[in-house]
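Right, one structure below, let's go through it.
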There are 2 protein chains.
Amino acid sequence: MLDEAEREELAKAGRTRKLKKGETLFTAGMSEAACATLLSGALKITSTDVDGRERILSLVHPSGFVGEMFAPYMRHDVVALGDSELCVFSGPAFAEAIERYPKLSQALLRRTQEDLYASRELLALTGNASAEQRVSGALLSISRAASDSPCHLARRFDLPISRGELADMLGLTIETVSRMLTRFEREGAIRRDGKRGIELVDPALLPLS
Amino acid sequence: MLDEAEREELAKAGRTRKLKKGETLFTAGMSEAACATLLSGALKITSTDVDGRERILSLVHPSGFVGEMFAPYMRHDVVALGDSELCVFSGPAFAEAIERYPKLSQALLRRTQEDLYASRELLALTGNASAEQRVSGALLSISRAASDSPCHLARRFDLPISRGELADMLGLTIETVSRMLTRFEREGAIRRDGKRGIELVDPALLPLS
DNA sequence: CGCCCCGTTGACCTCCATCAAGGAGGGTGG
DNA sequence: CCACCCTCCTTGATGGAGGTCAACGGGGCG
C-alpha cells in the first residue's frame with residue numbers, strides 16, 4: 001500500500017516499544033491521543049464493566065492498528081496477550097502524517113473497515129447464539145484466521161488465547177467453554193491436543209457451520 | 001470537512017434514491033460493491049443467523065455511511081427503518097473519488113472509526129450484562145443520541161425503533177424488553193408515553209447508569 | 001365493526017452462571 | 001530428584017435469569 005520511502009518516514013515519526021505478556025499499552029480514559037501499529041505478538045482490546053468483568057472487544061494481530069487518532073482520550077484498554085513489539089505514535093504526529101500521505105489514510109481506512117466488520121461479526125456471533133454456537137463459531141473463525149487463505153479452514157491450529165479469554169470474548173464463563181469443547185470432542189467434531197491445540201476432525205459436526 | 005465544490009462533485013458521482021419504510025437497500029451476499037450516504041431517515045444494518053433470527057448490528061443516522069467500497073460483496077443486510085433518502089455510489093466510482101480527494105478518505109476514516117467504536121460499545125453492552133443493564137444502557141445511549149450534545153441526556157425522547165427491533169439489537173426477546181420497561185416504570189425511573197415515547201424521570205435509578 | 005399488528009402480562013422450563021472440588025502441567029526451591 | 005505450589009483446565013450439582021408459549025389488550029385502518 002505504502003511505498004518503501006513512505007514506510008521509513010512513517011517509522012521515524014513513531015518509536016518502537018516492546019511489551020511483555022500482560023503489560024498494558026493504553027488504559028481506558030487516559031487523556032492522551034496516541035496510537036500504534038503492532039509489529040509482532042498479539043494484543044487484546046478490552047472493556048471492563050461496572051461489576052469488574054472484562055469483555056474482550058477485539059484481538060489485534062501483527063500489522064493491526066490500535067489507539068485514538070481523533071478522540072482526546074482512550075476508549076478501551078489495550079493489553080498484550082504475549083510478548084509484543086509495536087511502533088507507537090503520538091496523536092498529533094500521526095494526524096500530520098495522514099495529512100502528508102494520502103495513501104496512508106486510504107490504507108488505514110481499509111484496515112479500519114476490516115476491524116469494523118470483525119467487530120460486527122463478533123456482535124452477530126454473541127448476539128442470540130447459544131453457547132454451543134458461540135464456541136463453534138469462534139473455533140471456525142480462529143481456524144480461518146490461522147490458515148493462509150481467509151476462507152479456508154486450518155485443520156490443525158493453536159488457540160491464541162486461554163479458555164478464560166475465549167470466555168470473555170464470547171460472553172460466557174470458563175466452565176461453559178470447557179464443557180462445550182468436551183462435548184465437541186466427545187461427538188467427534190474436534191480433538192484437543194494439549195491445552196491450546198485443536199484439530200478439526202469433522203467440522204460438519206459443529207453447530208451452525 | 002469537504003468544501004462546497006468537492007461536495008457537489010461527489011454528489012454528481014452518486015445518484016439519489018428514496019426508500020420507504022421496510023425497503024431493503026443491500027442484501028448480504030450481493031456480489032456488488034456499492035455504498036451510500038444517508039441524507040434523511042434511518043437505516044439498520046442486520047445479519048440473520050442460521051435459525052432465521054435477525055440481529056441488528058448498527059443503526060445508521062443521517063450523514064452515516066453504509067456499504068462496501070473494497071470488498072466485492074455485501075456482508076450485511078441494510079434496511080430502511082423509516083422513509084429515507086440516500087446518495088448511492090458504485091464501488092469503483094467511490095474508490096476513484098477517494099483517490100481524487102484525500103480529504104474524503106480522511107473524513108470517511110473518521111466516520112468509520114466512530115462506527116467502530118459504536119459497534120464495540122454495543123458489543124460491550126450486550127456482552128455479559130443482564131437484561132436489565134442492557135435495556136437501561138440502550139435507553140441512556142438513545143437518550144444521548146437524541147440530545148444535541150453527545151454527552152448530555154435528553155429528558156424526553158422517542159424510541160427510534162420498535163420493541164422487537166430493540167430486542168434484536170440487545171440480543172433479548174420482545175417480552176423481556178417489555179418486562180424491563182415495565183419494571184423501570186414501576187420503580188419510578190422512567191415514564192412511558194405512548195408506544196414510543198420515553199421520559200427519564202430519575203436516570204439514577206437505572207442500573208449501571 | 002372487525003381485523004391486524006404491536007405491546008403487555010403470566011406460567012413454565014431450559015440453558016447457562018455459579019459454587020465447589022479435583023486434576024494436570026510447569027516452575028521453583030529444597 | 002522430588003515436594004510443593006500455582007495456574008489453568010475439567011467436571012459435577014444447583015439455582016436463577018430469561019426464553020418460550022400462550023392469552024389478552026389496545027390503537028390504527030380498511
Side-chain angles (χ1 to χ4, degrees), chain A residues 20-22 44 49-56 81-82 125-139 158-187 190-198 207-208, chain B residues 20-22 44 49-56 81-82 125-139 158-187 190-198 207-208:
Chain A
K20 287 217 206 15
K21 172 173 175 168
K44 61 179 177 183
D49 64 21
V50 276
D51 5 305
R53 282 194 64 145
E54 173 176 304
R55 181 78 212 258
I56 295 186
L81 284 170
L125 181 62
T126 59
N128 299 310
S130 65
E132 199 178 34
Q133 291 171 319
R134 292 187 208 194
V135 175
S136 85
L139 286 182
D158 285 321
L159 294 174
I161 52 179
S162 71
R163 298 284 190 278
E165 285 160 340
L166 189 54
D168 286 338
M169 228 179 119
L170 297 175
L172 298 172
T173 58
I174 293 185
E175 295 94 323
T176 301
V177 170
S178 183
R179 277 187 250 273
M180 292 304 138
L181 291 177
T182 304
R183 183 191 300 179
F184 293 157
E185 186 168 34
R186 199 176 52 230
E187 292 171 348
I190 67 171
R191 210 177 57 71
R192 280 182 287 189
D193 179 16
K195 284 188 192 301
R196 295 291 182 92
I198 296 283
L208 150 152
Chain B
K20 287 217 208 17
K21 172 175 175 166
K44 61 179 175 182
D49 63 22
V50 278
D51 5 304
R53 284 192 64 143
E54 174 177 302
R55 181 78 212 258
I56 297 186
L81 284 170
L125 181 61
T126 60
N128 299 310
S130 66
E132 198 177 36
Q133 291 171 319
R134 293 187 207 194
V135 175
S136 84
L139 286 182
D158 284 322
L159 294 174
I161 53 179
S162 70
R163 296 286 189 277
E165 285 161 339
L166 188 54
D168 285 339
M169 223 176 122
L170 298 176
L172 298 172
T173 59
I174 294 184
E175 294 94 325
T176 302
V177 171
S178 184
R179 278 186 251 272
M180 292 305 140
L181 291 177
T182 303
R183 182 189 301 179
F184 293 156
E185 186 167 35
R186 198 176 52 232
E187 292 171 348
I190 66 170
R191 210 178 54 72
R192 281 182 287 190
D193 180 14
K195 283 189 194 300
R196 296 289 182 92
I198 296 284
L208 150 154

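Labels below follow one simple rule: chain letters A, B, ... track the order of the sequence lines, proteins then strands, and each chain is numbered from 1. Since this is a predicted model, take the numbers as computed values, not measurements.
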Phosphate-side-chain proximity, T173(A) and dC16(C), N/O vs OP1/OP2 below 4.0 Å: no
Measure from CG on L81(B) to P on dC6(C) and round the result to the nearest Å. 13 Å
So what does R53(A) hit on the nucleic acid, given a heavy-atom distance under 4.0 Å: a base, only sugar-phosphate, or nothing? sugar-phosphate
Quick check: any donor-acceptor pair below 3.5 Å linking the side-chain of E175(B) to the base of dC21(D)? yes
If you compare every side-chain N and O of S178(B) against the phosphate oxygens of dG7(C) (OP1, OP2), does one of them come in below 4.0 Å? no
Rounded off to whole Å, could you give me the NZ-to-P distance for the K195(B) and dG26(D) pair? 10 Å
Would you say dC16(C) has OP1 or OP2 under 4.0 Å from some side-chain N or O of R134(A)? no
Could you tell me whether a side-chain N or O of Q133(A) sits under 3.5 Å from a main-chain N or O of S130(A), the two making a donor and an acceptor? yes
According to a strict under-4.0 Å criterion, is S130(A) in side-chain N/O contact with OP1 or OP2 of dC15(C)? no
Closer than 3.5 angstrom, by distance alone: can the side chain of R134(A) be matched with the main-chain N or O of M169(A) as a donor-acceptor pair? no
Taking N and O atoms by type only, does the side chain of R179(A) place a donor or acceptor under 3.5 Å from a partner on the base of dG12(D)? yes
Which part of the nucleic acid, if any, lies within contact of G194(B), taking any heavy atom under 4.0 Å across all strands shown: a base, the sugar-phosphate backbone alone, or nothing? nothing
Atom CG of L166(A) and atom C1' of dC8(D) are separated, to the nearest Å, by 14 Å
If only atom types and distance count, is the side chain of R55(B) paired as donor or acceptor with the main-chain N or O of D168(B) below 3.5 Å? yes
Out of dT8(C), dC16(C), dT10(D), whichever nucleotide has its closest atom nearest the side chain of T182(A): dT10(D)
Which atoms form the tightest heavy-atom contact between L172(B) and N128(A), and what is the distance? N-OD1, 4.3 Å
How many whole angstroms separate atom CG of L172(B) from atom P of dG7(C)? 15 Å
For residues L139(A) and L181(A), determine if any side-chain heavy atom of one lies less than 4.5 Å from a side-chain heavy atom of the other. yes
How many whole angstroms separate atom CZ of R183(B) from atom C1' of dG10(C)? 15 Å
Once you round it to whole Å, what is the distance between C1' of dG19(D) and CG of L170(B)? 15 Å
For S162(B) and dC6(C), is the shortest distance between a side-chain N/O and OP1 or OP2 below 4.0 Å? no
What is the separation between atom CD1 on I174(A) and atom P on dG22(C), rounded to the nearest whole Å? 19 Å
Return the value, rounded to whole Å, for the distance between atom CD of E132(A) and atom C1' of dG19(D). 17 Å
